[in-house]
Protein chains: 2
Amino acid sequence: MTTHISDSEADRLKARVAWLYFIGGMTQQQIAREMGITRLRVNRLIGQVRTEGAISIKLNLPLAENVALEEALKERFGLLDAAVLPTMPDYADIQRTIGEAAGRMLETHLEHFKGIGVGWGRTLSHAGRCIRSEHSDLTHVVSLMGARTRGSGSNTIEVATSIANVLGMECYYLTAPLYCRSAQVLNALLEDDDLALTMERAERVEVALVACGDLSERSSVMQLGIVQEMQAELLDCGAVGDVLGCFLDAEGRIVDHPLNRTRVALSPEALRDKPVSILASGGRNKLQILHASLRGGYFNHLVTDEETARALVSEQDSDNR
Amino acid sequence: MTTHISDSEADRLKARVAWLYFIGGMTQQQIAREMGITRLRVNRLIGQVRTEGAISIKLNLPLAENVALEEALKERFGLLDAAVLPTMPDYADIQRTIGEAAGRMLETHLEHFKGIGVGWGRTLSHAGRCIRSEHSDLTHVVSLMGARTRGSGSNTIEVATSIANVLGMECYYLTAPLYCRSAQVLNALLEDDDLALTMERAERVEVALVACGDLSERSSVMQLGIVQEMQAELLDCGAVGDVLGCFLDAEGRIVDHPLNRTRVALSPEALRDKPVSILASGGRNKLQILHASLRGGYFNHLVTDEETARALVSEQDSDNR
DNA sequence: GGGCAGAGGTTACAAATGTCATTTTGAATA
DNA sequence: TATTCAAAATGACATTTGTAACCTCTGCCC
């Protein structure tokens with residue numbers, strides 16, 4: 001059987017082989033037999049088509065897009081893992097789904113590490129729900145930050161407790177306000193041995209589950225009178241939100257503000273050394289602080305919603321220095 | 001490692017696996033390792049996605065569409081093979097490319113059969129160009145129809161000769177006009193032993209390469225004075241064109257007209273028994289007669305152009321009886 | 001509490017696929 | 001005509017994929 005080397009003929013062959021293989025679902029051997037050529041040649045032609053990029057595969061699964069976003073986020077912000085959830089119409093549902101997913105993500109790391117540190121916020125308050133206790137080589141849960149005096153379901157104390165409960169672990173709290181009135185008060189507090197010990201524990205946890213907050217009225221941090229008073233000031237400093245009560249600017253840098261200096265909480269910078277630091281947050285209003293937190297490189301895991309994820313990956317980095 | 005049976009979680013898993021496999025190009029084993037599940041499960045998930053039809057593959061090759069058309073034509077008209085060529089802007093080029101492709105298609109069957117029968121027409125006049133002689137177990141080429149007295153390059157005599165030449169085969173001609181003036185003349189002609197023998201040869205060829213013609217001024221058959229005279233009459237009979245000089249109606253039936261009865265040529269119906277009967281024709285004006293010829297079931301191979309092919313497969317069959 | 005259904009794991013195996021080194025072939029060129 | 005080069009065929013082989021038989025666990029229904 002002769003074969004002519006006319007270009008168009010070669011193209012026809014290639015197209016036919018590709019069609020039969022990808023659309024027709026035939027096997028390379030079948031195609032070879034049917035067209036009277038070697039399987040190897042079929043194989044090579046298909047290889048060509050593949051490398052030419054002449055073939056585009058589309059997944060019609062609703063969540064396929066999200067997987068693409070997850071990969072993009074990992075790539076973009078150097079993350080070890082990312083989870084992107086469908087954006088629910090109701091903000092409360094966004095928080096719930098993200099919290100639950102964060103719980104599941106946390107769970108996958110329980111096997112390998114001992115101590116877990118947690119932050120606060122409505123999002124994290126849902127994390128406990130989705131964790132199953134099974135691996136009991138864990139030891140404890142630590143709150144990574146000072147707490148509000150008033151319980152609300154999303155207080156770091158409550159978040160830590162709920163996770164400790166489902167896992168059957170001990171729980172440690174930073175029994176202090178998140179912000180002290182002055183450096184003196186802060187120093188005095190830290191002389192308390194118990195508190196210092198817990199702080200030390202917080203430093204040592206290997207897994208951190210943290211949210212971030214914006215500077216709107218709704219945000220957890222704004223419920224604190226001391227922060228409310230300083231909202232304008234914070235904005236002036238360039239702050240776009242907080243991580244563990246620490247205010248960051250759009251670049252993810254810790255802003256120079258008194259509140260940041262009298263804070264009783266783990267520093268975001270300490271998160272950089274954690275084997276697992278999960279940032280769980282979503283919704284349109286969190287976009288700025290999320291972006292900042294990621295640019296700051298404080299986290300290596302992210303849980304967010306689809307719309308926010310899309311915005312995060314499409315946003316240009318302004319630091320083209 | 002636990003896995004939760006939440007639907008959305010299962011969907012996420014499926015989407016992720018599918019994405020990594022189809023878009024990410026990872027191997028099933030890699031995916032399994034990375035996601036901490038069995039390869040088998042990955043395989044099953046991918047199988048699910050496949051059967052769900054959630055995956056659509058698109059070929060960006062220019063000719064891929066044509067392959068799809070070829071398959072559709074085969075399916076639609078019960079053909080063994082079909083070739084669809086890009087529609088060239090110039091009609092002459094359409095004829096040339098179709099003729100050349102028909103030659104190549106013919107060639108693939110040379111190995112297995114002895115005698116080749118050919119028709120006429122500008123399209124077929126290009127067929128010889130693309131045939132290489134190699135398999136010399138062939139014996140002869142036969143013209144399947146009476147001929148014009150005047151050579152034009154596309155006369156059946158010339159078509160047969162050119163093919164016989166490249167193949168180094170003997171050539172037989174039906175040395176008679178395509179249409180006789182009367183049944184008497186026809187009968188008288190057929191008393192010629194040589195002619196009858198050639199006719200017999202024509203009946204026996206196993207491979208036929210034939211074109212079809214419409215009833216426009218340009219068509220080969222219209223070059224014959226006797227046909228020109230009867231154009232109106234033919235149209236009245238419902239004729240839409242001819243195959244081997246035999247006029248067919250839109251359904252592909254042989255119309256009842258004197259010309260069809262005094263014709264010196266193989267009957268289209270004889271083509272039905274040929275192992276290989278190739279219809280080579282294209283261009284907008286050939287659509288009707290092409291469709292008719294195919295519906296008549298005279299051919300098991302087709303060579304045409306893309307645009308015509310599209311029209312052929314999309315055209316509704318009116319016989320929903 | 002016992003049995004059931006079903007998802008998922010384990011093992012094993014056959015088929016399909018990708019790759020390699022080597023030979024053959026065809027066509028172009030000197 | 002001889003030479004040379006590239007495409008394609010060949011045969012051998014490792015990897016990947018699909019499939020089956022069989023087992024285990026879990027939630028569920030009675």
Side-chain angles (χ1 to χ4, degrees), chain A residues 1-55 57 59 104 107-108 111 129-135 166, chain B residues 1-55 57 59 104 107-108 110-111 129-136 166:
Chain A
M1 185 88 10
T2 56
T3 41
H4 307 307
I5 345 79
S6 139
D7 306 358
S8 85
E9 216 24 42
D11 284 349
R12 282 180 57 75
L13 182 69
K14 192 193 285 186
R16 170 152 276 269
V17 164
W19 194 91
L20 290 175
Y21 186 71
F22 290 110
I23 315 284
M26 286 172 68
T27 186
Q28 298 188 358
Q29 187 61 265
Q30 288 176 306
I31 296 174
R33 208 174 4 249
E34 176 152 319
M35 322 226 338
I37 56 179
T38 353
R39 182 183 73 78
L40 183 64
R41 200 165 159 207
V42 173
N43 188 275
R44 274 206 285 254
L45 285 169
I46 290 173
Q48 272 182 41
V49 174
R50 276 216 173 92
T51 57
E52 281 169 13
I55 166 165
I57 301 180
L59 292 175
R104 287 190 294 266
E107 188 187 25
T108 65
E111 257 183 318
R129 189 198 325 284
C130 282
I131 305 177
R132 306 282 164 108
S133 120
E134 292 190 23
H135 309 278
V166 296
Chain B
M1 183 93 6
T2 56
T3 40
H4 306 309
I5 343 82
S6 140
D7 308 358
S8 84
E9 218 23 43
D11 284 349
R12 282 180 58 76
L13 182 69
K14 191 192 285 185
R16 170 151 276 268
V17 164
W19 195 91
L20 290 174
Y21 186 71
F22 290 110
I23 315 285
M26 287 173 67
T27 186
Q28 298 188 357
Q29 187 60 265
Q30 287 177 306
I31 297 173
R33 207 173 7 247
E34 176 151 321
M35 320 227 339
I37 55 180
T38 355
R39 181 185 74 79
L40 189 71
R41 194 162 163 210
V42 173
N43 186 274
R44 281 183 190 144
L45 285 170
I46 290 172
Q48 274 182 39
V49 173
R50 276 216 172 92
T51 58
E52 282 168 12
I55 167 163
I57 302 180
L59 291 175
R104 287 191 294 268
E107 188 188 26
T108 65
L110 295 184
E111 257 184 316
R129 189 198 324 284
C130 282
I131 305 179
R132 304 285 161 107
S133 117
E134 291 189 25
H135 307 279
S136 42
V166 296

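Naming: A, B, ... by sequence-line order, numbering from 1 per chain.
Note that the CZ atom of A:Arg44 and the CZ atom of A:Arg39 stand 11.0 Å from one another [nearest 0.5 Å]. To the nearest 0.5 Å, atoms OG1 (B:Thr38) and CD1 (B:Ile31) are separated by 13.0 Å. Residue B:Arg12 holds its CZ atom at 7.0 Å from CZ of A:Arg104, rounded to the nearest 0.5 Å. Rounding to the nearest 0.5 angstrom, the gap separating the OG1 atom in B:Thr51 from the CD1 atom in B:Ile46 is 12.0 Å.
For A:Thr38 and D:dA8, the shortest distance from a side-chain N or O to OP1 or OP2 is not below 4.0 Å. The side chain of B:Arg50 contributes an N or O atom lying less than 4.0 Å from OP1 or OP2 of D:dG18. At C:dT17, one or more side-chain N or O atoms of A:Tyr21 fall inside 4.0 Å of OP1 or OP2 (strictly under the cut-off). Put simply, B:Asn43 has no side-chain N or O that comes within less than 4.0 Å of OP1 or OP2 on D:dT17.
Looking at B:Met35 and B:Leu20, their side chains come closer than 4.5 Å, going by heavy atoms from C-beta outward.
In this structure, of D:dA8, C:dG18, D:dA20, it is D:dA8 that holds the atom nearest to the side chain of A:Arg44. For B:Leu40, the side-chain atoms get nearest to D:dT19 when compared with the rest of D:dG11, C:dG8, D:dT19.
Distance, A:Leu13 CG to D:dA7 P: 15 Å, rounded to whole Å. What separates CD of B:Gln48 from C1' of D:dT17 is a distance of 17 Å, to the nearest Å. Here D:dA6 presents its C1' atom at 13 Å from CZ of A:Arg41, a figure rounded to the nearest Å.
For residues 15-29 of chain B, the pairs satisfying side-chain hydrogen bond (donor to acceptor under 3.5 Å, both in side chains) are A:Glu70-B:Arg16, A:Glu71-B:Arg16, B:Gln28-B:Asn43, with sequence neighbours left out.
With hydrogens and angles ignored, no donor-acceptor pair under 3.5 angstrom links the side chain of B:Arg39 to the base of C:dG9.
Residues of residues 25-32 of chain B having a heavy atom closer than 4.0 Å to DNA chain C: none are found.
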